[in-house]
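These notes concern the structure reproduced below.
Below, chain A is the first sequence line, B the second, and so on; all start at residue 1. Note: hydrogens, waters and symmetry copies are ignored here, and every other heavy atom, side chains too, is used.
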Amino acid sequence: MPNTALAAALFPNSLPTPEELEARYPARNLPEGARVTRFAPSPTGFLHIGSLYTAFVNQLTARVTGGVFFLRVEDTDKKREVEGGVGSLLKSLAAFGIVPDEGQAMGAETGAYGPYTQSRRRDIYQAFAKDLLLRGLAYPCFCTEDELSDLREEQEHEGAVQKGYWGKWARCRDLPADEAIRRAANGEAWVLRLRSSGVADKRIAFTDEVRGKIEMPENMLDAVLLKTDGVPTYHFAHAVDDHLMRTTHVIRSEEWLASVPLHLQLFSACGFKAPKYAHISALMKQEDGNKRKLSKRKDPEAAVSWFTRQGYPSYAVLEYLMCLISSQFEDWRRANPAALHEAFPFTLKKMSASGALFDPVKLIDVSKGVIAPMPGAELAARAGDWAREFDRQLADILAARPGYLAQILAIDRDGAKKPRKDISRYGEVREYASYFFDELFTPELPLPDSVTNADAAAILGEYDYSAEDGKDAWFGRIRDLAVRLGYAAAPREYKETPAAFKGHVGDVSAVIRAAVTGRLNTPDLWSICRVLGEERVRARIALAAARLV
RNA sequence: GGCCCGAUGGUCAAGCGGUUAAGACACCGCACUUUCACGGCGGUAACACGGGUUCGAUUCCCGUUCGGGUCACCA
């Protein structure tokens, strides 16, 4: 048996047998309908928003069905690996609520189907590779990079229908075993290739969970299974790992769709039952009227860390992703404001097969909806945490007055039937609250059109703020002042006979508002003044009045 | 270029043989309001094109166009 000698030469180390591995990783004992899914990132340390989306859908699928969601680190390409990549990836994922049931957790690994890091599964891949070789379904290839690129060029000239390593182009396919043994012994580098069973003009059909039935030509290529360093390619590792880890549903990005014929062939060659596939469309970005994939290089918002830095609550990003996952989500959310994502009646089939544009404007709206119901203290705590990481100056200012920001943010929020919905990210809090802090306050004095400088001076000169006043008394005082100065006591009155008045109360309170806050638009002024304190309110009014003369 | 996927308002999208073609975001307007924001009401705006099939196509089929993906010892 020439294959036996070849296999022994190529894989001299002792390896487990496929049977042993099958026994070591038995079928999972899960209830009917439970799905096993996974997220399999490369440890580049960079978490793409699209990857988060994919991970989220995987997790959701498992949770909704009472299955298992695990994480597997695909570190078969050392060139891409980044120091500390796994750790930062796990951290980002956790921050966004992606917490695998199995696999890498911070510093440890859980689950009975490990190891969950591909670089530690070498023997497992080799075992199946050797088995394939033994059964004549794989062969060593000694072609060098140069030879391969020559081949490509040749095919270019010949106008070959199908490019790549196959058929007559696959020079090492029928290398005699003794020659292969000799060359390997000589130290020639080799890769292990699949001896593809694909037949020209034959097609393969499968059902994609989101796209439905798909038909494609069979895979003809003798794909590389093991690289020269003995490490598997993605394709081979996918087949071995997802079989052994008993993945039921492979949910991944659209870009993998084209390699399904290869993957199916691999599963079949190895004698594995193929999983179900779901290819979800990539998140796109609008540019020059065209859609294109969010690019790690060109688009800062492709990185999940960008949203964190901007101060979007991670939960808001998830909520937005849910909107993309299902158009019914928003209605469901309105009906179930506090329900967990996994309670949503989610199915892969209802996902859109076309690529969605990532809409930052919509995210803002969703995020406002997430922040609005937070009590002032909670929002203040979160904004404070954010500031400590991304706005040190603000953090220091906040630290000097513990509890102050909570009071500020409680205005129009705590106990309000319609809490303010004007903050979309923690990064906006600084601007939102700036006039409450003397170090951030800019004493500008914008005036409504209907108010002249002289009138403004009169208003500020005569206005007397007292912290003792309840809201009604406080406003009554402003109303009286308005009437005294020739302004209508109510907007309605003014609208009916505009000629009789200079303006209405609103104009008068606008002047006070401007003096106290430096802006024309703010939350409830009475509340603001109470938080500011009588001393500062009076000082600001005096300061503004002085500027007018 | 081969293969594959996709196409409903500006965006996300329901609908999948007969509908006044939902809803959300954005935008505009109205009312409310001491400002703003929220909430409420109303409005502008869509089935890519051409052929079939059918009594009838946004829905089914075929082409076209456009967009996307893929053709590595990267994943």
Of the options [options], whose atoms approach the side-chain atoms of [X] most closely?
| X | options | value |
| --- | --- | --- |
| A:Pro491 | B:G39, B:C73, B:U34 | B:U34 |
| A:Val361 | B:C73, B:A7, B:C25 | B:C25 |
| A:Tyr234 | B:C12, B:A75, B:G69 | B:A75 |
| A:Ala356 | B:C12, B:C4, B:G6 | B:C12 |
| A:Leu257 | B:A75, B:C5, B:A24 | B:C5 |

Looking only at side-chain N and O atoms, does [X] come under 4.0 Å of OP1 or OP2 in [N]?
| X | N | value |
| --- | --- | --- |
| A:Lys418 | B:C36 | no |
| A:Ser509 | B:U35 | no |
| A:Lys421 | B:C36 | no |

Margin query: If I pick the P atom on B:C32 and the same atom on B:A24, what distance separates them, to the nearest angstrom?
Written below: 23 Å
Which base, if any, makes a Watson-Crick or G-U wobble pair with [N], both distances under 3.5 Å?
| N | answer |
| --- | --- |
| B:C30 | B:G40 |
| B:A7 | B:U65 |
| B:G23 | B:C12 |

Note to self: Would A:Lys296 and A:Phe46 count as a cation-pi pair here, with the cationic atom under 6.0 angstrom from the ring centre and within 45° of the axis?
What the structure shows: yes
Next item on the list: Could you state the atom-to-atom distance from CD of A:Glu319 to P of B:A24 in whole Å?
Entry: 17 Å
